[in-house]
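Notes for the one structure printed next.
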Amino acid sequence: ETCLGPMLRTLRRLGKLTVQTVSVPGGPPVAGPYSAGTIHNGLVYTSGQIAMNEQGEVSGSIEEQTKKALENLGGVLRTAGASFDTVLKTSIILCDMSDFAKVNAVYGEVFSSNKPARSCYSSTALPKGALIEIDAIAAIPSEQP
């Protein structure tokens, strides 16, 4: 347990911490004990999205996997009431940093007008043999009167 555990339990008990989970109907299955995203205080925090299809399979080139991971990310964002236009920050994990330029080309098609802050890391392996994983933090627009 972290030092924040008691404080989080207290906030939840007092009703000051409300967190809603996001699951995408018809989307790819989550690969573990977590949700596709969580919503708190008008923001959606997505779990990392890989190029997994609805059957739980991952395949394709880095360009194809980047496109599919972004499609999956878009599904989480839409389900939460956000969009690529409201993304504030993304994080990308690559298995091979030499794919950076190829990923940027596909990523730039999705984020052509909105250019959120971004981090990019390298990992030796990702779940299901994926080549890329992308997560995001996005604002959920409030309804205008």
With a 4.5 Å cut-off on side-chain heavy atoms, are P28 and K68 touching?
no

Would a 4.5 Å heavy-atom cut-off, applied to side chains only, mark S91 and I134 as touching?
no

Output, in order, the C-alpha distance, side-chain angles, deciding distance and verdict of side chain to side chain contact (heavy atoms under 4.5 Å, CB included) for I92 and R118.
CA-CA 8 Å; I92 298 175; R118 184 178 86 181; 3.6 Å; yes

Please answer whether the main-chain N or O of L131 pairs with a side-chain N or O of D96 as donor and acceptor at a distance below 3.5 Å.
no

Applying side-chain contact (heavy atoms from CB on, under 4.5 Å), can you list everything that pairs with E63, at least two apart in sequence or on another chain?
S61, K102, V106

Minimum side-chain heavy-atom gap S122-L94 below 4.5 Å
no

Is there a path from V110 to V44 through hydrophobic residues (I, L, V, M, F, W, Y) whose side chains come within less than 4.5 Å of each other?
yes

Whether the side chain of T66 engages the backbone of V103 through a donor-acceptor N/O pair (distance < 3.5 Å, no angle test) should be reported.
no

Taking the side chain from T21 and the backbone from S35, do they hold a donor-acceptor pair closer than 3.5 Å?
no

Tell me, do L77 and V87 make a side-chain contact under 4.5 Å, heavy atoms counted?
yes

How long is the span from the CD atom in E71 to the CD atom in Q49, to the nearest 0.5 Å?
11.5 Å

Tell me the ring pair (Phe, Tyr, Trp, His ring centres under 6.0 Å) pairs involving residues 56-96, sequence neighbours left out?
F84-F111

In terms of heavy-atom contacts, A139 and A82 come closest through O-CB, 3.4 Å

Close side-chain approach of Y45 and I39, heavy atoms under 4.5 Å
no

Do any N or O atoms from the side chain of D135 and from the backbone of T90 form a donor-acceptor pair under 3.5 angstrom?
no

For C95 and A130, which heavy atoms make the closest approach, and how far apart are they?
SG-O, 3.4 Å

With heavy-atom distances below 4.5 Å as the criterion, would you say the side chains of P29 and M52 are in contact?
yes

Would you indicate whether the side-chain heavy atoms of L70 and K67 approach each other to under 4.5 Å?
no

Does Q65 use its side chain to pair, donor to acceptor, with the backbone of G60 at less than 3.5 Å?
yes

Which pair of heavy atoms, one from P141 and one from G81, lies closest together, and at what distance?
CD-O, 3.4 Å

Could you measure the distance from the OG atom of S59 to the CG atom of N53? Nearest 0.5 Å is fine.
7.0 Å

Please check if the side chain of T79 supplies one atom and the backbone of G75 the other of a donor-acceptor pair under 3.5 Å.
yes

Rounded to the nearest 0.5 Å, how far apart are CD1 of I132 and CD1 of I62?
5.0 Å

I need the E133 CD to L73 CG distance, nearest 0.5 Å.
10.5 Å

Is the shortest side-chain heavy-atom distance between I93 and L126 below 4.5 Å?
yes

